[in-house]
Amino acid sequence: MIVLKRPSDWTREISLFKYSTGQSEAEIREVGKQWKESEEKCTNPHKDYIEIKDMSSKLEPQFKILETLLELIAKLTVRIKIPIETKPPSANRESVFGTGFIPRVRRQWDKTEPKEYGVITVSTVHHVISPDSAKGKTIDYENATIKINFDSVDAQVERATGFTILESDKDINTYDWCSFECTTDDLNLIDTLSEHISSLEVEQKKAYEFYKASQKAPTTSDVHTDDDSSEQTSHSADFVAVISHPHGGPKKGSFGRTRATKEILKQVRDQQEWCCYFHDALTCAGSSGSPVFILGQPLCGYGYWFGHPHNHSGKRADGMKVTSIGVDHVETALTPQ
């Protein structure tokens, strides 16, 4: 198990996103209460969520090429649970629940045992691993867990424990993204996850080529008028999928559209845009940190040093959903000779 070692200078001021109004979607729940209780109190239309096993059948015909890609994203989506303790201990113990995505795994040798174990990197949003409500309390990272394959109430799940927070994107710490590592002794799980990640990279490339082709020659069925504008846009250009664990319960999918233009938040390197997106896919408390797939998004990669995809961050007062900061690759046109 890797125990958290938090740097002494890591005093982040948490900002949900760049806007003055907004609501995070982490789930804070007292120990003993179940996700079903939170779901029953929720006013969102839960009937509109898609069971993971049914996602393929819910895709519109022009998006069938995304079946395998979404299946792989779902397999790499995890539920996050972090215990919060008070000092001195009280009866009102809580846990924070959110969602994360696995962009990388590795095997590592423990010289002290000695034995080999697996390390899993998870991307999420900062307010899940350090919620405002935990101020003055102890966040128990050592006993924090991720739950893998939690697709239904009777699913056979895997767990990994002990969070080590990585200091990625420290220079842009107000845009609600982070990554952490946790460990498992199940090396077969590590190998399976590694295969999923490799396959996903292939499917991402296919999806982007599909997007570029649709932009060159849009068909009548691919074109619609945006509700917020008279401008016509390609339907394939604004498809969004979010896979999350609403209220800390079983994994669900939701489809939507990007809304408005992405916002460029920071310029770091040439050919990179550090930006956030807006969308209208269904989310709830517990969805914070969910991977957000945006068709046509030119991903810069899954590394946390040189770029990362976007995670779901929260919603604004007007209901618009907002992603964390993420990195898009900017393609430069070649100058004709």
Side-chain angles (χ1 to χ4, degrees), residues 14 16-17 21-55 74 77-86 90-101 122 124-135 137-141 143-155 157 159 161 163 176 241-256 279-292 311-317 319-324:
I14 300 173
L16 176 59
F17 23 75
T21 58
Q23 178 182 338
S24 68
E25 292 196 303
E27 168 97 350
I28 309 293
R29 196 164 71 230
E30 289 185 12
V31 172
K33 292 188 179 296
Q34 302 300 314
W35 62 268
K36 198 67 179 176
E37 298 176 59
S38 298
E39 182 182 288
E40 289 171 353
K41 295 177 182 177
C42 183
T43 59
N44 288 335
H46 279 254
K47 62 180 178 58
D48 293 341
Y49 276 118
I50 304 169
E51 299 287 340
I52 296 303
K53 62 182 177 60
D54 297 331
M55 279 199 304
T77 298
V78 301
R79 192 200 71 174
I80 298 169
K81 178 183 177 181
I82 307 175
I84 301 173
E85 304 284 351
T86 58
S90 71
N92 298 322
R93 292 180 299 134
E94 297 176 325
S95 292
V96 57
F97 294 86
T99 306
F101 173 76
V122 178
T124 186
V125 288
H126 189 258
H127 71 260
V128 166
I129 59 95
S130 188
D132 283 340
S133 63
K135 289 180 178 178
K137 303 177 183 179
T138 300
I139 304 176
D140 188 1
Y141 294 111
N143 290 308
T145 60
I146 62 169
K147 185 180 278 192
I148 305 167
N149 299 328
F150 185 25
D151 293 0
S152 62
V153 292
D154 56 354
V157 301
R159 289 179 172 84
T161 61
F163 291 7
D176 203 25
V242 176
I243 298 174
S244 68
H245 286 277
H247 306 290
K251 194 181 300 172
K252 305 288 184 183
S254 60
F255 300 154
H279 66 90
D280 62 7
L282 178 61
T283 58
C284 287
S287 295
S288 281
S290 306
V292 180
N311 297 76
H312 174 64
S313 182
K315 64 180 180 181
R316 302 191 313 192
M320 182 91 73
K321 313 301 173 62
V322 186
T323 72
S324 68

| said: We want to know whether H127 and S288 form a side-chain donor-acceptor pair, criterion being a heavy-atom distance below 3.5 angstrom. | reply: yes
[X]: partners by side chain to side chain donor-acceptor pair (under 3.5 Å), with sequence neighbours left out:
{"X": "H279", "result": "none"}
{"X": "S290", "result": "none"}
{"X": "D48", "result": "none"}

| task | Report yes if the side chains of P246 and W35 come closer than 4.5 Å at any heavy-atom pair, otherwise no. | result | no
Check: [Y] main-chain N/O paired with [X] side-chain donor or acceptor under 3.5 Å:
{"X": "K321", "Y": "A281", "result": "yes"}
{"X": "E40", "Y": "E37", "result": "no"}
{"X": "T161", "Y": "T145", "result": "no"}
{"X": "T99", "Y": "G286", "result": "yes"}

So how far is it from [X] [atom1] to [Y] [atom2], rounded to the nearest 0.5 Å?
{"X": "M55", "Y": "S254", "atom1": "CE", "atom2": "OG", "value": "10.0 Å"}
{"X": "H312", "Y": "D176", "atom1": "NE2", "atom2": "CG", "value": "10.0 Å"}
{"X": "I82", "Y": "T124", "atom1": "CD1", "atom2": "OG1", "value": "8.0 Å"}
{"X": "F163", "Y": "I129", "atom1": "CZ", "atom2": "CD1", "value": "9.5 Å"}
{"X": "H126", "Y": "S24", "atom1": "NE2", "atom2": "OG", "value": "12.5 Å"}
{"X": "I84", "Y": "R93", "atom1": "CD1", "atom2": "CZ", "value": "12.0 Å"}

Which heavy-atom pair separates [X] from [Y] by the least distance, and what is that distance?
{"X": "L282", "Y": "P45", "answer": "CD2-O, 3.4 Å"}
{"X": "S324", "Y": "V125", "answer": "CB-CG1, 3.9 Å"}
{"X": "H247", "Y": "S38", "answer": "ND1-CB, 3.6 Å"}
{"X": "G289", "Y": "N311", "answer": "O-ND2, 2.7 Å"}
{"X": "G248", "Y": "F150", "answer": "O-CE2, 3.6 Å"}
{"X": "G100", "Y": "V122", "answer": "CA-CG1, 3.8 Å"}

| task | Check salt bridge (Lys or Arg N to Asp or Glu O under 4.0 Å) between R29 and all other residues, then give those that pass, not counting sequence neighbours. | result | E27
| Qualifying residues under salt bridge (Lys or Arg N to Asp or Glu O under 4.0 Å), relative to K53, sequence neighbours excluded | none
| Which pairs count as salt bridge (charged side-chain N to carboxylate O under 4.0 Å, His left out) when at least one residue sits in residues 242-255, sequence neighbours excluded? | E51-K252, D151-K251
| field | Verdict with reasoning, I52 to I243, per side chain to side chain contact (heavy atoms under 4.5 Å, CB included) | value | CA-CA 8 Å; I52 296 303; I243 298 174; 4.0 Å; yes
| said: Is it the case that over 12 heavy atoms from other parts of the model lie below 6.0 angstrom from the NZ atom of K81? | reply: no
